[in-house]
J.: 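Before anything else, here's the structure in question.
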Amino acid sequence: MLQKIKETADFLMQTYPSKAKIAIVLGSGLNNLIQDIAVEHIVSYADIPNFPISTVKGHEGNLLFGKLNGVAVVAMQGRFHYYEGYDMKQVTFPIRVFKAMGVENVILSNAAGGINPLFHVGDIMMITDHINLFPEHPLRGKNEDSLGPRFPDMSETYSKVLLQKAEQIAQKHNILYHKGVYVGTQGPTFETPAEYKMFRFIGGDCVGMSTVPEAIVAHHTNMNCIAFSVVTDLGISDVVEKVSHQEVLNAACVAEPKLRLIVSELVKVI
Ligand code: HPA
């Protein structure tokens with residue numbers, strides 16, 4: 001794996017030599033965040049050695065290099081989900097590559113189902129912690145000690161310093177936000193009413209199908225990580241409304257300007 005990471009990082013650094021400070025991974029329906037980036041270089045995933053090949057028809061898969069608010073960033077336009085069939089090493093490979101390129105900070109975002117009864121569709125939740133219910137672990141297997149420890153401490157997966165900065169920005173702009181626990185599941189089914197209830201019972205505030213693997217690997221390799229959920233549907237009452245992918249995308253679009261503002265100001269103070 002080390003060899004592959006190095007090969008990919010070297011390739012990207014050759015095609016675009018200036019160093020990004022922050023990596024941004026965008027969730028479903030949140031791709032417009034990219035519009036704020038002054039793009040200087042685009043590489044299709046298909047042209048990146050060792051990168052997983054996208055399985056989803058019409059899914060854009062590009063790495064964007066450029067400036068967000070004057071700060072050098074690399075953004076993933078399209079992420080790799082476990083439910084698409086990738087294994088966890090593939091899902092988290094880009095994070096490993098970013099670290100090898102000298103990127104020290106990761107901003108993750110996702111669309112998620114709200115299970116805290118105080119949440120509404122369109123709300124933003126800053127992730128303070130997660131519950132990992134994926135059936136495969138990204139760190140399973142021989143540990144590469146040069147990447148991170150065998151048994152990583154997980155008491156602060158999401159950087160408290162970054163969280164505090166994000167909170168200050170949200171408060172300054174009167175953006176309502178929540179803080180809470182993200183339950184990561186494999187999908188691709190949304191939850192049954194009984195599952196939503198169980199996830200609330202075990203301490204979740206939101207549930208979704210991404211983010212946890214990337215956050216684990218970012219933390220393992222000592223990057224600062226912050227993650228945001230946009231609440232796109234609710235699984236809180238006894239009668240759970242039907243949810244479709246299109247509804248998730250629509251709701252994410254509505255919330256997007258708020259998250260866009262937070263992220264574009266956050267990069268300046270990281
Ligand atoms: N459950 C799981 N993943 C999701 C949901 C949900 O309700 N909404 C958006 N992604």
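Predicted, not measured: the structure shown is a model, and the values here were computed from it.
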J.: Do you know which two heavy atoms are closest between Asp123 and Lys258, and how far apart they sit?
T.: CA-NZ, 4.3 Å
J.: Could you tell me whether a side-chain N or O of Glu256 sits under 3.5 Å from a main-chain N or O of Asn32, the two making a donor and an acceptor?
T.: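 A pair under 3.5 Å: yes.
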J.: Mind checking whether His41 and Tyr16 have parallel, tilted or perpendicular rings, split at 30° and 60°?
T.: parallel
J.: Does the pair Thr211 and Asn110 meet the rule for a side chain to side chain donor-acceptor pair (under 3.5 Å), with working shown?
T.: CA-CA 7 Å; Thr211 301; Asn110 60 62; 2.8 Å; yes
J.: Between Lys165 and Val269 (side chain of the first, backbone of the second, donor and acceptor by atom type, cut-off under 3.5 Å), is there such a pair?
T.: yes
J.: Is it the case that one hydrophobic cluster holds both Val267 and Val161, taking links as side-chain heavy atoms less than 4.5 Å apart, direct or via other members?
T.: no
J.: One pair to check against side chain to side chain contact (heavy atoms under 4.5 Å, CB included): Val106 and Phe98. What are the steps and the verdict?
T.: CA-CA 9 Å; Val106 188; Phe98 296 148; 5.8 Å; no
J.: For Met209 and His81, work out which heavy atoms get closest and say how close.
T.: O-CD2, 4.0 Å
J.: Is it true that a side-chain atom of Asn69 and a backbone atom of Val71 form a donor plus acceptor pair closer than 3.5 Å?
T.: no
J.: Angle class for the Phe80/Tyr45 ring planes (parallel below 30°, perpendicular above 60°, tilted otherwise)?
T.: tilted
J.: Please check if Leu176 and Val263 belong to a single hydrophobic cluster, counting links between Ile, Leu, Val, Met, Phe, Trp and Tyr side chain heavy atoms closer than 4.5 Å.
T.: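 Different hydrophobic clusters.
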J.: Which atom pair, heavy atoms only, marks the closest approach of Lys21 to Val103?
T.: O-CG1, 3.6 Å
J.: Picking from His178, Lys179, Arg200, what satisfies side-chain hydrogen bond (donor to acceptor under 3.5 Å, both in side chains) with Asp205?
T.: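 Of the listed residues His178, Lys179, Arg200, the side-chain hydrogen bond (donor to acceptor under 3.5 Å, both in side chains) partner of Asp205 is Arg200.
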J.: Looking only at heavy atoms, what is the nearest atom pair of Gly203 and Val181, with distance?
T.: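 Scanning both residues, the minimum pair turns out to be O-CB, 3.4 Å.
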J.: Can you establish whether the number of heavy atoms outside Arg150 located under 6.0 Å from its atom CZ is more than 12?
T.: yes
J.: Please report the closest heavy-atom contact between Glu265 and Ile169, naming both atoms and the distance.
T.: C-CD1, 3.6 Å
J.: More than 12 heavy atoms of other residues, nucleotides or ligands under 6.0 Å from NZ of Lys4: yes or no?
T.: no
J.: Using modelled atom types and a 3.5 Å cut-off, is there a donor and acceptor pairing between side-chain atoms of Thr221 and backbone atoms of Ala218?
T.: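 No: the side chain of Thr221 does not pair with the backbone of Ala218.
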J.: Do any N or O atoms from the side chain of Asn62 and from the backbone of Leu64 form a donor-acceptor pair under 3.5 angstrom?
T.: no
J.: Using atom types as modelled and distance alone, determine if a side-chain donor or acceptor of Lys67 lies under 3.5 Å from a backbone N or O of Ile37.
T.: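 Not at all, since once roles are kept as given, no pair shorter than 3.5 Å links the two residues.
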J.: Please report the shortest heavy-atom distance between Ile131 and Gly204, naming the atom on each side.
T.: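 Where Ile131 meets Gly204 most closely, the heavy atoms are CD1-N, 4.4 Å.
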J.: Please check this pair: side chain of Thr92 against backbone of Ile95, looking for a donor-acceptor N/O pair closer than 3.5 Å.
T.: no
